Amino acid sequence: MKRETALWLTIFAAGGAWLVGRAVLGGAGSVYVEPQAFGDTLATYNDAVAGKAVFSLAHTVGVWVAALLTLCILSFLYRDNPLYKFAEAVIVGVSAAYWMVVGFWTVLVPNLFGKLAPRWIQSTALPGMSPVADEHWWLYAVPLVLGIMLLWRLAPRGAWIARWPLAFIIGTTAGLRLVTFLQADFLSQIQAGVQPIIVVNQPTVADNLWASVQNGLIFVSTLAALVYFTFSIEHKGVVGKISRVGIWVLMITFGAAFGYTVMGRIALLALRFEFLFDDWLWLIDPYEERLPL
C-alpha cells in the first residue's frame, strides 16, 4: 500500500510540475479579453494583432478551476477518492445555489411578490415592472401561504404541515401535465402509427415502395409489441410467435435509445477533452484561434 501511495504521489508531483511549466513557460490556460464599456469580451485573433487583448486573471482562474474539477471528476475512473467527492460536492452545491437564486428572481419576485406588492417591487427590485396591481391580487396570498407551509418541513416540529402544499403541488402538476403528455406521448404516437400501408402519393415508384415498407414495418412492430403486453391470452402458438417478435421490437427500441444516450454522453466527453487540450493545456488548436501573444 505504501508503494502504491508513493507511486501516485510521484505521478501527481510530476504532473503538477509539468502543469506549472506549461502555465509559466507556455501560457497554458491564459485567457485574454478586450475591455469594453459594459464588461469585457473574449479577445479574438484580430484584437490580439491590433494590441487590444488584455490578460484576464479572473477568466484564467476560472479556466484552471474548471479544468481541475474536471480532472477530479475523471479520477473516479480509477476509484472513489476524496478529490472526486470534493468536486461532486462543489458541483452539486453550486448548481443548487445557482438555480435557487434564478428561481427566486425569475419566479418568486415577479410572479408572487410582484403581484402582492407591485409598487414596492417596481421601486426596489424590478424597475421595468408595472406598479399597477391586478384586480384579483389577493388571490396570490394562497401560493404565499402554501410556500410558507412547504418551508415548515425544515422546522424541528410540525414537519407534517408541509405535506398539504406538497400534495397540492403534486396533484395540480399531474392534472396540468396530463393533457400535455396525452397529446405528446400518446395521441401523437397513435397518429404516427396509423398510416396507410400502401403509399401512392410519392414522386417516384421507389419512394412509394420505400414509404410502404416503412409504414408496414411500423404497423407490424406496433401490433407485435401490443400482443406481447396482452397477458389475458396465453402466449402459445401464433400468439407466442407474435409476442416473440414484440420482444425483438422492444429490445431493438431499448438498444437504439441506449445507444443514442451513449452517443450524447460521448459527445459531452469529447467536448470536455477538447476543453482540456485546447483551452487549458494549449496542446491543440483545432480552429486555429490561438492568439499570437
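Just so it is clear, the model here is predicted, and its values are computed rather than measured.
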So with a 6.0 Å cut-off around CD of Q191, is the heavy-atom count from everything else above 12? no
On a heavy-atom basis, which atom in D285 and which in D278 lie closest, and how many Å separate them? CA-OD1, 4.1 Å
Do other residues, nucleotides or ligands put more than 12 heavy atoms under 6.0 Å from the CZ atom of F168? no
Tell me if the CD1 atom of I198 is crowded by more than 12 foreign heavy atoms within 6.0 Å. no
If you count heavy atoms of other groups shown closer than 6.0 angstrom to CE of M251, is the number above 12? yes
F104 atom CZ: more than 12 heavy-atom contacts under 6.0 Å: yes
Might you work through the side chain to side chain contact (heavy atoms under 4.5 Å, CB included) test for E34 and L42, ending with a clear yes or no? CA-CA 6 Å; E34 180 187 2; L42 292 179; over 6 Å; no
Same cluster or not: V142 versus W164, using hydrophobic residues (I, L, V, M, F, W, Y) connected whenever any side-chain heavy atoms lie under 4.5 Å apart? yes
Relative to the ring of H235, is the ring of F231 parallel (under 30°), tilted (30 to 60°) or perpendicular (over 60°)? parallel
Atom CH2 of W248 with >12 non-hydrogen neighbours under 6.0 angstrom: no
Between the side chains of T204 and D207, is a donor N or O closer than 3.5 angstrom to an acceptor N or O? yes
Which pair of heavy atoms, one from T230 and one from L226, lies closest together, and at what distance? OG1-O, 2.8 Å
Do the side chains of I73 and L68 join up, straight or via other hydrophobic residues, at under 4.5 Å, putting them in one cluster? no
Given F273, W64, F275, the one that forms ring-ring contact (aromatic ring centres under 6.0 Å, His included) with W280: W64
Are more than 12 heavy atoms, taken from residues, nucleotides or ligands other than Y98, located less than 6.0 Å from that residue's OH atom? no
Nearest 0.5 Å, please: how far is CD1 in I121 from CG in L116? 9.0 Å
